[in-house]
Amino acid sequence: MSELNALAQKLAVLSAREVMDETGARMISEGGSPSPVAAILREVDDTVLERCLAFRCGGKSIRIIAAGRRMRGILSVSPKSDADVIGQVLSREDPDVVQAAHDLLEELCGKAENMTVRSLPSEPFGNSGERGVSALGLAELWDVALAEMDSTPKPPMEQFLTVNAPAFSSVLHICDGEIVAKEGDFAALQAIWSTQVEAFREAHKKTLRGEEAAQLICLDGAFDDGNSAALALYDGHVALIAYEAERFGAMQASWQRIFA
Amino acid sequence: MVVDELDALREKFEGCTAVAFADLSTKMILVTDSSSNLRREALDALCEEAALLLGANGKPALADKPSGMASVASTSQLRVFLRAENEPNDVLCCICGPKMDADRFVADACACLDRISSGE
């Protein structure tokens with residue numbers, strides 16, 4: 001990738017909407033997209049001045065020292081681990097340590113659904129001359145897809161559907177009247193789309209005072225099989241969804257993070 | 001008193017801006033929390049929305065059967081509508097800010113509605 005392309009991509013990322021969770025930490029991986037390790041490398045790649053990057057996922061935390069777009073090493077993890085790699089500066093001359101860092105990150109967060117990051121002041125770590133390994137170099141060594149790292153943010157509706165995919169048993173995504181995606185048992189959703197949605201939207205519009213640009217309408221337990229129904233509306237996009245009722249709160253939170 | 005229950009729910013959740021108890025059979029708001037400054041037309045619209053989403057007269061809004069709980073999230077609001085388990089025409093209509101903890105709010109609002117509906 002040319003330096004100009006890299007710069008353009010950095011600017012695109014920086015100008016994209018920041019997605020924050022309720023604690024003010026920045027959400028960098030939702031629904032496993034991008035993969036947590038790719039998200040970590042992306043953050044390292046965005047870090048020029050020395051910082052301690054504090055990652056959190058599912059009750060676990062990882063603190064990494066990064067500088068000059070390089071990962072210097074893993075400062076600490078929680079729950080505590082006795083892995084030798086903690087506290088060691090990464091170096092291409094010591095591939096076992098580099099691999100151990102990857103293995104530890106995969107073990108702690110490889111399957112995490114969500115991950116947040118905070119950029120904190122750095123802490124003493126190794127010798128100042130030990131620079132670590134570049135994020136791009138680690139992506140190559142760890143076989144993390146560069147395309148995944150370089151991806152620009154998805155459109156909001158696509159983000160919402162990707163992030164919440166584990167909660168959905170079926171989805172029908174329509175844009176400007178055309179089906180653009182379908183997952184699971186979408187036949188039932190297609191029947192609802194063709195027989196109920198238009199009349200419902202007309203009736204609902206009459207109850208609204210003023211147009212609402214983005215809406216997520218949830219109907220608890222609306223399906224005979226116990227699943228709940230949702231209708232997500234945004235800018236010509238309509239997604240008809242069957243979802244698990246217990247994921248209601250998480251869906252609401254991610255809707256607000258993406259659209260509000 | 002019903003208004004005390006509504007006030008308590010609203011006060012517990014900072015992002016909650018209005019709570020109303022309604023009767024679906026007449027599609028009328030019966031009581032609002034004491035701080036609510038919603039106009040009559042807004043209350044009527046809220047009740048109409050509740051009737052549509054919760055499926056008044058047994059007609060589901062979408063899919064197979066009427067819901068006991070429905071919500072509409074926009075960029076500026078989360079509106080939550082709940083139906084009492086034992087009195088299907090007793091409903092609670094709530095207007096919240098967008099950053100509300102939806103799970104926690106719904107759990108407390110359900111308990112509030114149950115107390116009102118059972119006359120506790």
Side-chain angles (χ1 to χ4, degrees), chain A residues 20-22 156 160 170 188-189 191-193 195-234 240-242 245-260, chain B residues 14-15 22 27 38-83 85 91 93-110:
Chain A
M20 313 288 280
D21 77 355
E22 59 276 8
F160 176 73
S170 52
L189 298 180
I192 292 169
W193 169 255
T195 60
Q196 297 183 341
V197 170
E198 195 178 337
F200 168 76
R201 290 188 68 186
E202 282 303 314
H204 192 221
K205 264 184 201 163
K206 288 178 188 163
T207 72
L208 300 177
R209 290 162 296 128
E211 197 63 35
E212 292 177 329
Q215 281 180 44
L216 176 65
I217 300 162
C218 292
L219 302 167
D220 189 60
F223 286 102
D224 282 336
D225 64 4
N227 272 332
S228 300
L231 191 64
L233 307 168
Y234 175 71
L240 191 55
I241 299 159
E246 58 267 29
R247 306 296 285 259
F248 170 75
M251 269 173 60
Q252 293 294 332
S254 76
W255 176 267
Q256 293 302 341
R257 278 197 298 271
I258 294 167
F259 291 93
Chain B
E14 197 182 340
K27 294 187 184 171
L38 290 177
R39 288 170 168 270
R40 189 74 245 168
E41 303 79 45
L43 292 172
D44 289 344
L46 195 63
C47 200
E48 281 293 327
E49 192 173 27
L52 174 69
L53 295 175
L54 296 178
N57 306 322
K59 184 183 172 217
L62 285 175
D64 303 325
K65 56 184 184 179
S67 300
M69 189 275 284
S71 67
V72 179
S74 69
T75 53
S76 59
Q77 276 187 351
L78 170 66
R79 297 189 294 281
V80 176
F81 305 94
L82 296 160
R83 182 205 301 278
E85 209 170 314
V91 300
C93 310
C94 314
I95 301 178
C96 303
K99 300 292 183 191
M100 179 63 75
D101 178 339
D103 276 339
R104 207 162 66 87
F105 180 78
V106 167
D108 276 38
C110 274

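Just so it is clear, the model here is predicted, and its values are computed rather than measured. Chain A is the first sequence line, chain B the second, and so forth, proteins listed ahead of strands; every chain is numbered from 1.
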J.: Write down the atom of A63(B), the atom of A229(A), and the distance for their closest heavy-atom approach.
T.: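 Shortest heavy-atom contact: CB-CB, 4.4 Å.
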J.: Rounded to the nearest 0.5 Å, how far does NE2 of H204(A) lie from CD of E48(B)?
T.: 11.0 Å
J.: Is V80(B) close to chain A through its backbone or its side chain, or both, or neither, when contacts mean heavy atoms under 4.5 Å?
T.: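 Neither part.
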J.: Could you grab the distance from atom CG of D220(A) to atom OG of S71(B), nearest 0.5 Å is fine?
T.: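 D220(A) atom CG to S71(B) atom OG measures 9.0 Å (nearest 0.5 Å).
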J.: For L52(B), is it the side chain, the backbone, both, or neither that has a heavy atom closer than 4.5 Å to a heavy atom of chain A?
T.: side chain
J.: In terms of heavy-atom pairs under 4.5 Å, which option from M251(A), E246(A), Q252(A), K206(A) contacts chain B the most?
T.: Q252(A)
J.: Tell me, side chain or backbone of L78(B) under 4.5 Å from chain A's heavy atoms, or both, or neither?
T.: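 For L78(B), the contact with chain A is made by the side chain alone.
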J.: With a 4.5 Å cut-off on heavy-atom pairs, point out which of L62(B), D44(B), L54(B), L46(B) contacts chain A the most.
T.: L62(B)
J.: Is it the side chain or the backbone of L231(A) that comes within 4.5 Å of chain B heavy atoms, both, or neither?
T.: side chain
J.: Mind listing the closest non-hydrogen atom pair of A73(B) and Q256(A) along with its distance?
T.: CB-NE2, 3.8 Å
J.: Please determine whether the number of non-hydrogen atoms from other residues, nucleotides or ligands lying under 6.0 Å from atom CZ of R40(B) exceeds 12.
T.: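 Yes.
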J.: Quick one: closest heavy-atom pair of D103(B) and G249(A), and the distance?
T.: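 Taking D103(B) first and G249(A) second, the nearest heavy atoms are OD1-N, 3.2 Å.
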J.: Measure the CZ-OG distance between F259(A) and S76(B) for me, rounded to the nearest 0.5 Å.
T.: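 The OG atom of S76(B) is 14.5 Å from CZ of F259(A), to the nearest 0.5 Å.
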J.: Heavy-atom cut-off 4.5 Å, strictly under: side chain, backbone, both or neither for P98(B) against chain A?
T.: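 Both backbone and side chain of P98(B) come within 4.5 Å of chain A.
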J.: Could you check whether any side-chain N or O of D224(A) sits under 3.5 Å from a backbone N or O of D64(B), counting only pairs where one atom can act as donor and the other as acceptor?
T.: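 Side chain of D224(A) to backbone of D64(B), a donor-acceptor pair under 3.5 Å: no, none is there.
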J.: For I217(A), is it the side chain, the backbone, both or neither that has a heavy atom under 4.5 Å from a heavy atom of chain B?
T.: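 Answer is both: backbone and side chain atoms of I217(A) are under 4.5 Å from chain B.
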J.: Rounded to the nearest 0.5 Å, how far apart are CZ of R79(B) and CD of Q215(A)?
T.: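 It is 7.0 Å, given to the nearest 0.5 Å.
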J.: Does any backbone or side-chain atom of A51(B) lie under 4.5 Å from a heavy atom of chain A? Answer side chain, backbone, both or neither.
T.: neither
J.: C47(B), P66(B), A102(B): which one forms the most heavy-atom pairs within less than 4.5 Å of chain A?
T.: A102(B)
J.: When rounded to the nearest 0.5 angstrom, what is the spacing between OG1 in T75(B) and CG in L216(A)?
T.: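 Nearest 0.5 Å value for the OG1-CG distance: 12.5 Å.
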J.: Determine the minimum heavy-atom distance between F223(A) and K65(B), stating which atoms define it.
T.: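 Looks like O-CE, 3.4 Å.
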J.: One pair to check against side-chain contact (heavy atoms from CB on, under 4.5 Å): L53(B) and F200(A). What are the steps and the verdict?
T.: CA-CA 9 Å; L53(B) 295 175; F200(A) 168 76; 3.6 Å; yes
